[in-house]
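The structure appears right after this line, and notes come after that.
Bear in mind the structure is a predicted one, so any value in this text is a computation, not a measurement.
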Amino acid sequence: QVQLVESGGGLVQAGGSLRLSCAASGRAFTNYAMGWYRQAPGKEREFVAAISWIGDRSYYADSVKGRFTISRDNAKNTVYLQMDSLKPEDTAVYYCNRHPPGSGAWGQGTQVTVSS
């Protein structure tokens, strides 16, 4: 299985921006739709955004529409999540995976904390 490593999280004020990256450690993940997911303390992991195999179509949870943008660069084996106009409610650990998620284990994710 391809190992996916998330990075780019951090602490930011409400209204700020962050760009998350999801890099594959092995072979390319071309031919798979990819997605971002997040899990806040005490809550279930939830869908955030997904992008099709070739990057021509994307989908977003209602909670992030208009604020987040998912993209991918298959040549670099990387998926991105540009997060703008961040809200405290966006605070969570963010994970990437296939969409729909495959049977492989989830990575450690990257922490995003948004302060008021």
Euclidean distance, Thr113 OG1 relative to Asp90 CG, rounded to 0.5 Å: 11.0 Å
Joint hydrophobic cluster, Val48 plus Val12, side-chain heavy atoms closer than 4.5 Å: yes
Is Cys96 close to Leu4 at the side-chain level, that is, under 4.5 Å between some pair of heavy atoms? yes
Walk me through it: do Asp62 and Lys65 pass the test salt bridge (Lys or Arg N to Asp or Glu O under 4.0 Å)? CA-CA 5 Å; Asp62 288 341; Lys65 284 182 179 177; 3.0 Å; yes
In terms of heavy-atom contacts, Val112 and Gly9 come closest through CG2-CA, 4.1 Å
Could you tell me which residues satisfy side-chain contact (heavy atoms from CB on, under 4.5 Å) with Ser71, sequence neighbours excluded, listed by chain and number? Tyr80
Suppose we screen for side-chain contact (heavy atoms from CB on, under 4.5 Å). Which residues come up paired with Ser7, at least two apart in sequence or across chains? Ser21
Step-by-step side chain to side chain contact (heavy atoms under 4.5 Å, CB included) determination, Arg67 to Met83: CA-CA 6 Å; Arg67 300 188 298 118; Met83 306 186 296; over 6 Å; no
Identify the heavy atoms of Lys43 and Gln39 that sit nearest to each other, and give their distance. O-NE2, 3.1 Å
Who are the side chain to side chain donor-acceptor pair (under 3.5 Å) partners of Asp84, not counting sequence neighbours? Ser17, Gln82
Mind listing the closest non-hydrogen atom pair of Val64 and Tyr60 along with its distance? CG2-CB, 4.1 Å
Which distance, rounded to the nearest 0.5 Å, do you find between the CZ of Arg72 and the CG of Leu81? 13.5 Å
For a 4.5 angstrom cut-off between non-hydrogen side-chain atoms, does Thr91 reach Gln111? yes
By salt bridge (Lys or Arg N to Asp or Glu O under 4.0 Å) - contacts of Arg45 (at least two apart): none
Check: Asn74 side chain, Trp53 main-chain N or O, donor-acceptor pair, under 3.5 Å: yes
Taking all heavy atoms of Ser63 and all of Arg38, pick out the closest pair and write down the distance. OG-NH2, 3.5 Å
Which ILVMFWY residues are connected to Tyr59, directly or by a chain of links, through side-chain heavy atoms under 4.5 Å apart? Tyr37, Phe47, Val93, Tyr95, Trp106
Taking all non-hydrogen atoms of both residues, which atom of Ala14 and which atom of Pro88 are closest, and how far apart? CB-CD, 4.1 Å
Rounding to 0.5 Å, atoms OG (Ser115) and CD (Gln13) come to a distance of 5.0 Å
If the condition is side-chain contact (heavy atoms from CB on, under 4.5 Å), which residues does Ser52 pass it with, not counting sequence neighbours? Asp56, Arg57
Considering all heavy atoms of both residues, which atom of Met34 and which atom of Ile70 are nearest to each other, and what is their separation? O-CD1, 4.0 Å
